[in-house]
Each structure stands twice: as C-alpha cells, then as structure tokens.
Amino acid sequence: MGTALVGRLGRWLDLGLGLAVGHVASIPDARVLHYGSGMPAFDPASLLLAWYDRDRRVLPWRYAPGEAADPYHVWLSEVMLQQTTVAAVIPYFQAFIRRWPRVGDLAAAATEEVMAAWAGLGYYARARNLHACAKLVAEWRGGRFPEDEAGLRQLPGIGDYTAAAIAAIAFGHRAVVVDGNVERVMARMFAVTDPLPAAKPRLKELAATLTPDDRAGDYAQAVMDLGATICTPRSPACGLCPWRPGCRAQALGLAESLPAKVEKAERPTRRGVVFWLTAPDGSVLLRRRPPKGLLGGMMEFPSTDWRDAAWSLDEAAPSAPLAPKSWRLLPGLVTHTFTHFHLELTVAAGRTPAQPAVRGVWCPLDRLEEQALPTLMRKVARHALAKAY
DNA sequence: CAAGCGTGGCA
DNA sequence: TTGCCAAGCTT
C-alpha cells in the first residue's frame, strides 16, 4: 500500500468516520461514507455481502441463496445459539428437527421430553421458554410465527436480539440485529472505547447506520459471521477483513483491545454433599429440581445445599433422602464451574434393601442417559459409578 | 437494572 | 490452571 493511499485513508478516517462517530444522526446516509473527492465510496453493506456470498459458512439451519427460510428452523437455531457456540448447537439442532420436524410437533411433546433433549446445552430456562413458545405459536397462531419484531418480542425466550434476527433471517425484514459479535465489530469499526455493557445503546445506533434495507437476513448473518471468523475477540484477522478500509480501531492499532469491558466479579467456590442412593434392583434415586432458578426443571441426585463452608458427613446426613445404616464418602471430588460460582461436590454412596417410599424417582442405571440430567449430574453419576463399584 | 443463569473450548 | 468467551433472556 502506497504512502499516498495511506494518507488518503487517514484523511477519510479522520473526516469521514470521525464525523460519523460524533454526529451519526446528522449524516444523511451514513451507510455510504466518502473518503474524499475522486475516491470510490466505501459501502460497508455491499462489501460485506460480497464477502458473505463468497465465503458463507454452511450450517444446518442455513439455506441456499434464493431458498426460503423455515421460520421454525430459524427460531430454534437462534434460541439454541444464545450464548452458545455453533459447534455445541449443531448436534442438538439436528436432533430436535429430526424428532420434532414442525413447531406443532414440538408443542405436542411433554415438557420433560424437551428438557431431557436439551440436557447438556445449558441455560435451561431456554428449554422451558422454547416449549412454551412452541405451544403459543402452534395453539394460538396456527403454527405461524409473527413476522415483525414487536410480535416476536412478546413470545417467551425471544428478546431484542432474537426478535430482530428472526424478522431479518426468516422474513427478510430490515432489522438492526445486535449480538455480541456485532457489538465487537461496531466497537472496532468506530473505535468506541467506552466499556460494555454501558456502550450497548451507542453500538446499536452505530449498527443501525450500516444496516441496509435489502437482503436483511444475509446482512445480519454476514456481520455475525464476520465477528465469528475474522473480527474475533482475540487475534482478529484484519488482513482478511472486507471492512478493514473503514475500520478506525485497525487504523489506530486498537482492534484487539476492543471492545472494552468492565471487570467481572470473582467467582466464589461453593460446596455440597450429593447422595448416590441405590436399590438392589440396580436403580438410583433421582429428583426433579424446582422449575425456576439454577438448573430449573432438570433432574438431580439429592444433595445438601451448596454453601461456602465444607460439610462433615454428620452435618450433611439430615439432608439425605433417608437414613440408611451408613453413608460411605467416596474418594475425590466432582467439580463444576457455573457462570457465577465454582462447585465442589462430595459423593456419599448408600444402599437400601428395597425401594423405600421417598420423594423422587428410581431410575435404572442403564436408563440414566434418557433423563434430563445436566452435565454436572452426569459428572456425579460417572464419578459414583467409577468409585462405588 | 444488575444479577442470575451452563457448558465446553481455548490461550 | 485459570480466566475469558459464545448468535442473550428474565426478573
């Protein structure tokens, strides 16, 4: 790149984007920014769509150009993708559409089945809301999703991001789709140094200035793909970026340091004792957690509370599902990290002569996989099966 | 509206 | 090993 071009780019960055950052609303058409007379226009949407048409990723919920999107598939994938990586979602998405091909099929399923199918994907309120939403759409709307953001936004589990994404991707409506990728891309494009989450409204305004009227769905997916594959959190591949000529952070050497974020609180460690109670027929005691809160509606092995201080067996015993002759503390710990705390569980193993009447359900060991057991409880089962037999 | 809410991969 | 991060929503 010659010195002259660098100079003109620098001028464009200062005059063009500098103006755009400070006075977005006053720019007649911020989507086409000019960096000096005689220079071609920098048209972000066109450049990005050209890149997308060339390098588009193939994903199970994505359709070939010109093919109509299935709103059910778009909705299901978007809910699964909330705070969840593409790699983690793919097998769950395929299992769900194979088992429940249409939204009416999902609506007709039992909530427990949906929870069990969701087990391992995390954020289990999503599964509850997913099923509630499917029932609303199937029973009150003839299986058709609302097409506009406002209508979508009223459904359980659909917030600002997901409503915009479905409106754009499934129905082709212009919508300003802002997820974590878009926030990062905008923070860099416009060199926004204010930390998240306070900067969110500003980043959405900036995203709106770049969002075109046409090809709404392709554009939305293109920005997110850009963030996922090129404008990555660490080591962004600026050399491959179609928006490099307009990226203020890249020009300033700030790309990798943006977006700024407020520090997160330290994660405390909590501790508990979990009871692995087996009967002579080879079944183990499970119970269902309360419908809301941590792991809400999922199955678990009975346990004490999870608190800061460690437990002695005597302290833990009153929390046990029953009082057998003896609980045996298994060696080792089951550790798991949630969003906001670490957990260390000690497993206490016990046997009962028969299946006594206790709260919960007895599950054969070879059928544990079918249960709505979150990953933490699968770790407990693996630990108990390895140490107790 | 800040906090609560999972999990796995990666540096 | 530890911390960060991922196509956020709800209360």
Side-chain angles (χ1 to χ4, degrees), chain A residues 57 59-62 73-93 115 118-130 132-133 152-170 175-185 196-198 200-201 204 207 217 219-229 231-236 256-257 259-270 289-298 300 306 335-343 372-379:
Chain A
R57 293 189 293 172
L59 300 169
W61 47 87
R62 201 167 263 186
H73 290 186
V74 174
W75 163 72
L76 178 61
S77 65
E78 289 301 338
V79 173
M80 288 182 166
L81 285 162
Q82 290 165 4
Q83 296 287 285
T84 307
T85 57
V86 165
V89 165
I90 287 175
Y92 284 85
F93 176 82
M115 300 303 289
W118 196 275
L121 200 52
Y123 284 136
Y124 298 101
R126 292 186 295 173
R128 265 196 330 271
N129 289 331
L130 185 88
C133 182
L152 288 159
R153 186 66 181 75
Q154 296 179 38
L155 293 168
I158 298 183
D160 289 343
Y161 160 75
T162 306
I166 296 172
I169 298 169
V176 181
V177 178
V178 183
D179 71 334
N181 288 304
V182 179
E183 287 176 347
R184 182 173 59 257
V185 171
L196 288 170
K200 281 172 179 283
K204 181 161 186 175
Y219 176 81
Q221 293 176 90
V223 195
M224 293 190 284
D225 268 18
L226 187 73
T229 64
C231 195
T232 49
R234 285 171 303 216
S235 305
E256 188 153 14
S257 68
K261 297 191 175 185
V262 298
E263 285 185 33
K264 290 175 185 172
E266 230 174 274
R267 271 194 284 237
T269 297
R270 295 184 189 161
R289 291 177 63 86
K292 295 189 176 181
L294 186 69
L295 307 176
M298 301 294 285
E300 68 174 0
W306 301 341
T335 65
H336 192 73
T337 300
F338 292 101
T339 305
H340 52 299
F341 66 94
H342 302 286
L343 181 64
L373 286 174
T375 297
L376 163 65
M377 292 300 156
R378 288 172 194 263
K379 288 183 184 176

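Since the model is a prediction, treat every value here as computed from it, not as a measurement. No hydrogens, no waters, no symmetry mates; every other heavy atom, side chains included, goes into these values.
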Main-chain N/O of A:Thr339 paired with A:Arg267 side-chain donor or acceptor, under 3.5 Å: yes
Nearest-Å distance once atom C1' is located in both C:dT1 and B:dG8: 16 Å
Length of the CH2-P vector between A:Trp118 and B:dG8, whole Å: 15 Å
Rounded distance (Å) that lies between atom P of B:dG9 and atom CD1 of A:Ile90: 13 Å
Selection from B:dC5, C:dC4, C:dA6 that lies nearest to any side-chain heavy atom of A:Tyr123: B:dC5
Nearest-neighbour nucleotide for the A:Phe338 side chain, B:dT7, C:dG8, C:dT11 considered: B:dT7
Interatomic distance, A:Phe341 CZ vs B:dG6 C1' [rounded to whole Å]: 10 Å
Touch class at under 4.0 angstrom, heavy-atom based, for A:Leu376 against every strand present: sugar-phosphate
Sugar-phosphate, base or nothing in reach of A:Arg289, heavy atoms under 4.0 Å: nothing
Rounded distance in Å between the P positions of C:dA7 and B:dC5: 23 Å
Side-chain touch A:Thr84/A:Leu121, heavy atoms, less than 4.5 angstrom: yes
Modelled atom types, side-chain donor and acceptor of A:Asn129 and A:Arg126, under 3.5 Å: no
Closest to the A:Thr162 side chain, choosing from B:dC5, C:dC9, C:dA7: C:dC9
Listed nucleotide nearest any side-chain atom of A:His336, set B:dC10, B:dG6, C:dT10: B:dG6
Rounded distance in Å - CG (A:Leu196) to C1' (B:dC1): 16 Å
d(CH2, A:Trp61; P, C:dA7) in whole Å: 12 Å
Spacing of A:Gln82 atom CD relative to B:dG8 atom C1', expressed in whole Å: 18 Å
Closest nucleotide among B:dT7, B:dC5, C:dA7 to the A:Leu294 side chain: B:dC5
Minimum-distance nucleotide (side-chain atoms of A:Leu295 versus C:dA7, C:dA6, B:dT7): B:dT7
A:Val74 backbone acceptor or donor facing A:Ser77 side chain under 3.5 Å: yes
Atom pair distance, as rounded to whole Å: CZ in A:Arg128 and P in C:dT11: 9 Å
A:Ile169 side chain near A:Trp61 side chain, heavy-atom distance below 4.5 Å: no
Touch class at under 4.0 angstrom, heavy-atom based, for A:Pro374 against every strand present: sugar-phosphate
Distance-only donor-acceptor test, A:Arg57 side-chain atoms vs C:dA7 base atoms, 3.5 Å: yes
B:dG8 OP1/OP2 closer than 4.0 Å to side-chain N/O of A:Thr375: yes
Whichever of A:Thr339 and A:Pro197 has its nearest DNA chain B nucleotide further upstream toward 5': A:Pro197
Parallel, tilted or perpendicular: ring planes of A:His336 versus A:Phe338, cut at 30 and 60 degrees: perpendicular
d(NE2, A:His340; P, C:dC4) in whole Å: 16 Å
A:Arg184 side-chain proximity, nearest of C:dG8, C:dC4, C:dA6: C:dA6
Under 3.5 Å donor-acceptor pair, A:Thr337 side-chain atoms to B:dG6 base atoms: no
A:Leu155 side chain reached by A:Trp75 side chain, heavy atoms, under 4.5 Å: no
Sugar-phosphate, base or nothing in reach of A:Gly120, heavy atoms under 4.0 Å: sugar-phosphate
Position toward the 5' end of DNA chain C (nearest nucleotide), A:Leu59 or A:Leu155: A:Leu59
Touch class at under 4.0 angstrom, heavy-atom based, for A:Leu343 against every strand present: nothing
Contact under 4.0 Å: A:Gln83 side-chain N or O vs C:dG8 OP1/OP2: yes
